[in-house]
Amino acid sequence: MLDLQAVLLNRNRARELLERDRRRRQYLRRRRAFLLSSITAILSLVTTTQRPVWVRNRSQNFWGMTEQFDDDEWKAQFRVSRATFDYVLKLIGLRIKRRRRNYLVPIEPRCRLAMTLWWFARSEEYRSIANLFGVGIATVCTIVRQVISAIVDRLYRRFVSLPSGQRLDDTIRAFRDRCYPQCAGAIGGTHIPISAPRDNPEHYMNRRGWYSVILQAVVDHNHCFTDVYAGWPGSSSSAAVLSSSDLFLKAEDRPDSYLFPKELSPEQRRFTFTLASAHSVVDTAFVRLKGRWRCLLKKSDMNVSMMPRVVAACCVLHNICERRGDAFLPEWSVEMAPHGMYLIQPAVEPYEGHVREKPLLEVKQKELKA
């Protein structure tokens, strides 16, 4: 019995010693932390030395000078007027805004949008843009992707949609004035240059011998895009792209089961040659799209998986400019002429003996309103 009590007493003493040691260590840690904080506070009062932070002075670079630009200089640099720039910024500003972290001041949304528009307009290397705006190369890459996502996610459905209601009536009336009745838009395609992808690069080699993805688009009478389908490899045929698009699949669900006539009569084939006036809206839209946003004219370092969103964002901005009357400058169109910097588009391939003209989106007015 006495031995048991002695054992229990020894255990209790051992626990007390351990607990006392733990409290002592805890006290010493707190005392040390208090002393260090006190010393730091004293030093902050008696010295003016600041913690060195390696950042660039953004007020002394290109972006810091833009506030002095007049309207013409601003538009020449960013391809949109100041009013259009502010309008887009108002729509996506909250989405691209970042919170302040510790001592780092985030880049303002206005600069983020300007940086992205500069890349759209010139497709320059990230290094060049980083030097112009006084940021890091990785920062440029991140910001461009973030702004592209914001434009597509927030604005695409709002500014790119097939016409309906009064807008549909106006579109059909405008095409009827071009001698093509019951037309809700013109379909066309173009190739967007890309760098050789790592996976299956041969699939992206088009008939001209350069790598590309295909943009198929429907355009209304105002040269605005109403449907955009981009991303198919450059070796794909126009028929394959069309038949896989959402536009075609929606048309297949209609009572007549197809969007375009499966067989053309001789009279219909002759009629298609008279459609140059109606179809010119597609060519004009592509010229303005690529002339304003030259990232669609030159190979970029953007991953091929990101290119459909790049194209969609450019189409959204194109529509905003067209709707707001933000004029396309003539000198931008001159840059479209093929020369050493720009690639010649592949010819449109004929499909099963049909005419070479690109088809028009011919639908019944009642069906589109339904």
Side-chain angles (χ1 to χ4, degrees), residues 75 78-93 95-96 113-114 116-121 123 144 147-175 183-190 192 213-231 245-247 250 278-297 307-329 332-333 336 358 360-361 368:
K75 186 166 183 174
F78 297 107
R79 293 296 204 268
V80 297
S81 65
R82 255 200 180 93
T84 299
F85 181 93
D86 293 337
Y87 176 73
V88 176
L89 181 63
K90 182 179 179 180
L91 295 177
I92 66 171
R95 177 68 181 271
I96 63 178
L113 178 59
T116 304
L117 293 185
W118 185 274
W119 185 83
F120 281 159
S123 189
V144 168
V147 175
I148 288 173
S149 296
I151 293 173
V152 175
D153 296 340
R154 296 293 294 271
L155 305 182
Y156 181 82
R157 293 183 180 275
R158 178 174 177 176
F159 291 99
V160 180
S161 62
L162 291 172
S164 61
Q166 185 60 46
R167 191 158 68 97
L168 174 61
D169 294 337
D170 295 341
T171 301
I172 292 178
R173 187 180 305 110
F175 277 108
C183 175
I187 296 180
T190 188
I192 308 299
V213 294
I214 298 175
L215 163 62
Q216 173 191 282
V218 180
V219 180
D220 66 12
H221 61 292
N222 289 322
H223 309 106
C224 289
F225 296 102
T226 59
D227 185 82
V228 173
Y229 185 61
S245 65
D246 292 339
L247 179 70
K250 290 178 182 178
H279 189 267
S280 64
V281 295
V282 178
D283 299 324
T284 301
F286 284 152
V287 167
R288 293 183 181 180
L289 175 72
K290 293 184 177 183
R292 192 185 295 264
W293 309 124
R294 289 197 295 174
C295 65
L296 305 181
L297 269 178
M307 285 306 299
R309 296 180 71 81
V310 173
V311 174
C314 289
C315 291
V316 169
L317 295 173
H318 165 91
N319 282 6
I320 291 176
C321 291
E322 293 294 329
R323 292 185 185 184
R324 292 178 57 83
D326 197 338
F328 179 84
L329 300 183
W332 298 344
S333 183
M336 290 290 297
K358 302 171 188 175
L360 289 174
L361 177 60
L368 277 178

Between CZ on residue Arg167 and CG on residue Asp169, distance to nearest 0.5 Å: 11.5 Å
Aromatic Phe120 / basic Arg79 pairing, under 6.0 angstrom, 45° off normal: no
side-chain contact (heavy atoms from CB on, under 4.5 Å), paired with Thr171, selected from Thr226, Asp220, Asn222: Asp220
Inter-residue atom distance Tyr229.OH - Gln216.CD, 0.5 Å rounding: 8.0 Å
Closest approach of Gly188 to Val282 (non-hydrogen atoms, all atoms of both residues): CA-CG1, 3.5 Å
Heavy-atom pair of closest approach, residues Cys314 and Cys295: SG-SG, 3.7 Å
Contacts of Asp227 that satisfy salt bridge (Lys or Arg N to Asp or Glu O under 4.0 Å) - sequence neighbours left out: none
Minimum heavy-atom distance between Val152 and Ala312, given as atom pair plus value: CG2-CB, 4.1 Å
Test log, rule side-chain contact (heavy atoms from CB on, under 4.5 Å), inputs Ile320 and Val80: CA-CA 10 Å; Ile320 291 176; Val80 297; over 6 Å; no
Pairs touching residues 148-162 that satisfy salt bridge (Lys or Arg N to Asp or Glu O under 4.0 Å), sequence neighbours left out: Arg95-Asp153, Asp153-Arg309
For Arg323, salt bridge (Lys or Arg N to Asp or Glu O under 4.0 Å) partners two or more places apart: none
For the student: nearest non-hydrogen atoms of Glu322 and His223, plus distance: CG-O, 4.1 Å
For the student: nearest non-hydrogen atoms of Val287 and Ser333, plus distance: CG1-OG, 3.9 Å
Side-chain heavy atoms of Phe225 within contact of Val311, under 4.5 Å: no
Modelled atom types, side-chain donor and acceptor of Ser81 and Arg324, under 3.5 Å: no
Contact check, side chains of Lys290 and Thr190, non-hydrogen atoms, under 4.5 Å: yes
Pairwise distance OH(Tyr87) to OG1(Thr84) - rounded to 0.5 angstrom: 9.5 Å
4.5 Å side-chain heavy-atom contact, Leu215 and Leu296: no
Asp170/Arg173 ion pair, N-O < 4.0 Å: yes
Parallel, tilted or perpendicular: ring planes of Phe85 versus Phe78, cut at 30 and 60 degrees: tilted
Distance (rounded to the nearest 0.5 Å) between Cys315 SG and Tyr156 OH: 7.5 Å
Gap between atom CG of Leu247 and atom CG of Leu162 - 0.5 Å precision: 6.0 Å
Stepwise side-chain contact (heavy atoms from CB on, under 4.5 Å) check, Val219 with Thr284: CA-CA 10 Å; Val219 180; Thr284 301; over 6 Å; no
Exercise: identify the closest heavy-atom pair between Ala313 and Ile148: CB-CG2, 4.2 Å
Between CG on residue Leu317 and OG1 on residue Thr116, distance to nearest 0.5 Å: 9.5 Å
Stepwise side-chain contact (heavy atoms from CB on, under 4.5 Å) test for Asp326 and Lys75: CA-CA 10 Å; Asp326 197 338; Lys75 186 166 183 174; 2.7 Å; yes
